[in-house]
Number of protein chains: 2
Amino acid sequence: MNIIPNLSVDCVIFGVNSENLSVLLVERELTKDGEVLFSDHTLTGHHVIEGENTEDAAIRVLKSITGFENIYLEQFYTFSDTNRLGGKKDIIWRENFPHKIAEHVISVGYYSLVDSTAICPDEAHKNVHWFPIDNLPELGFDHKEIIEKALEQLRIKVMHEPVVFELLPEKFTISQLQKLSEAILGTTFDRRNFRKKVGQMKSIIALDEKQKGVAHKPAQIYIFSKDVYERTRKEKLIFFY
Amino acid sequence: MNIIPNLSVDCVIFGVNSENLSVLLVERELTKDGEVLFSDHTLTGHHVIEGENTEDAAIRVLKSITGFENIYLEQFYTFSDTNRLGGKKDIIWRENFPHKIAEHVISVGYYSLVDSTAICPDEAHKNVHWFPIDNLPELGFDHKEIIEKALEQLRIKVMHEPVVFELLPEKFTISQLQKLSEAILGTTFDRRNFRKKVGQMKSIIALDEKQKGVAHKPAQIYIFSKDVYERTRKEKLIFFY
DNA sequence: TTTGTAAGTGTTAAATGTACACAAAGCCAT
DNA sequence: ATGGCTTTGTGTACATTTAACACTTACAAA
């Protein structure tokens, strides 16, 4: 169970709810003689272990933070600058925590999508918190760059592949689908036009079922059929303009 | 100048001309006592050198094969399966050429685009040849998978970023633009509609100049202005439907 | 019964996509 | 110089898609 000294993964864990898109970050603090030398935030990451591929490493990291194992995960870029751990702060950090890591560590970036309401980073991880994507704190290492790249790739992916459904419950309403899409893409859609387009997608199927116990007109329930989606030769996700 | 034993780059060198899209591959042959044990083809790749990032490694590989240094280059995926060098043939290969490489090598994939008519892989590299993308020979290691991923990513990229112009001469005709696009994307476009759309793009500018010495009506010359393209907040590449 | 809240529904005008055919300009061969 | 060959350049009509927009309905809670 030795780590590979020059190879790590960094996970950009995107949390989505019906209002916004956020990222899970770890607070990193360096104290000396009780005094806080500095603090900032970093992504969750870890070195790859011998005999493990990078995807398994990412799954391992995700599980250790969230407790879940079946999280939507996508590799998006590999960061290999020779001085990517070389910020002023980071040098101090590395001097205090030398571990067994190499000078030049390359990191394979993965992003994942989770329902941010389903994950309460508390118990084991007191210093782990959600930060809205448009209001990030100061970030360590090259993690700002990594998050930006991840977001860019996530949005491209979401527009072309049915990844929103990874995040929705099996049975959902069109409003849920719309709000989630809006949160991820950072846009808004016209409600009526959105529904019209969803109605044209064969892979989004209305059930004979309605919402219950809501204080307004109950919404129709839908499911997404991956089967139909694939049989239709991956129909265009027309509800994104 | 030591290599990093567990880290390599593989370059998918796409060659384009006005007719087709092809890939540059190296023939790999294992002989024993004058007898050919097997032969197949692989991508061009190399281990990363200490003090070098993966992009520099890819540039180095490209230069060693093509002689050029300023080639359009894009990282697209990192391959890290623990048994990615583990095909039957590859095990035999590794037994015969153990070098100093690790058991588990991860490889960062880059693709590049070159004018296949400008590069004649002959002199130094007798066993390097172009293969049309839809008629590839048998491939070693996991290089089939790598090429497929590269092609997928290339096509997505080409549709959204002005990479075709990396390949065109500074002054080009609309036909050239169209044929190149068609070759890369593997589709065809209606000639008139294509021209109509190009005409709408502010970043594609007609010069006061015509083709000369051609055995037909000479075509108007155009240039692509990256400046205008960026000032227009990256106008949509509307000539791809 | 009233109030608040989100769901559900259609039309129109503008823009864009798609399909399609003939004349013009130059070179070459005769 | 003429005719043949090749590629350029051009416009219209129809179909489809986008974009903007407001009122009624169903339910729960007060």
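Order of the sequence lines fixes the chain letters, A, B, ..., with proteins taken first and strands second; residue numbering starts at 1 for each chain.
- Nearest to the side chain of A:P218, among D:dC27, C:dC20, C:dG10, sits D:dC27.
- Atom P of nucleotide C:dG26 and atom NZ of B:K217 are separated by 8 Å, given to the nearest angstrom.
- Of the candidate nucleotides D:dT18, C:dC20, C:dA7, D:dT18 has the atom lying nearest to any side-chain atom of A:K197.
- A:K196 contributes no side-chain N or O that forms a donor-acceptor pair with the base of D:dT17 under 3.5 Å.
- Here the side chains of A:F38 and A:D40 are in contact, with some heavy-atom distance below 4.5 Å.
- Distance B:F189 CZ to C:dA19 P: 13 Å, rounded to the nearest Å.
- Ring-centre distance between A:F224 and A:Y229: below the 6.0 Å cut-off.
- Computed from coordinates, the B:Q178 CD to D:dT7 P distance equals 13 Å when rounded to whole Å.
- Computed from coordinates, the A:Q176 CD to C:dA6 P distance equals 13 Å when rounded to whole Å.
- Under 3.5 Å, the side chains of B:Y222 and B:Q220 contain no donor-acceptor pair of N or O atoms.
- With hydrogens and angles ignored, a donor-acceptor pair under 3.5 angstrom links the side chain of B:R192 to the base of C:dA21.
- The nearest whole Å value for the distance from the CG atom in B:D190 to the P atom in D:dG11 is 15 Å.
- Within 4.0 Å of B:Q220, counting heavy atoms only, lie sugar-phosphate atoms of the nucleic acid but no base atom.
- Between B:E235 and B:K202 no salt bridge is recorded (no basic side-chain N to carboxylate O distance below 4.0 Å).
- Distance, B:K179 NZ to D:dT6 P: 13 Å, rounded to whole Å.
- One interatomic measurement links the two molecules: OH of A:Y222 to P of C:dA7, which rounds to 11 Å at whole-angstrom precision.
- With respect to B:S107, the side-chain hydrogen bond (donor to acceptor under 3.5 Å, both in side chains) criterion is satisfied by exactly one of B:D142, B:T54, B:D10, B:T78: B:D10.
- Residue-to-nucleotide proximity on DNA chain D shows that, of B:K210 and A:K210, the 5′-proximal contact is made by B:K210.
- In the set D:dA22, D:dT25, D:dT10, the nucleotide with an atom closest to the side chain of B:R191 is D:dT10.
- Put simply, CG on B:L177 is 15 Å from C1' on D:dT8, counting in whole angstrom units.
- For A:H216, counting side-chain heavy atoms from C-beta on, the closest listed nucleotide (D:dG11, D:dC21, D:dC27) is D:dC27.
- Using a 4.0 Å heavy-atom distance criterion, A:S175 is classed as a sugar-phosphate-only contact.
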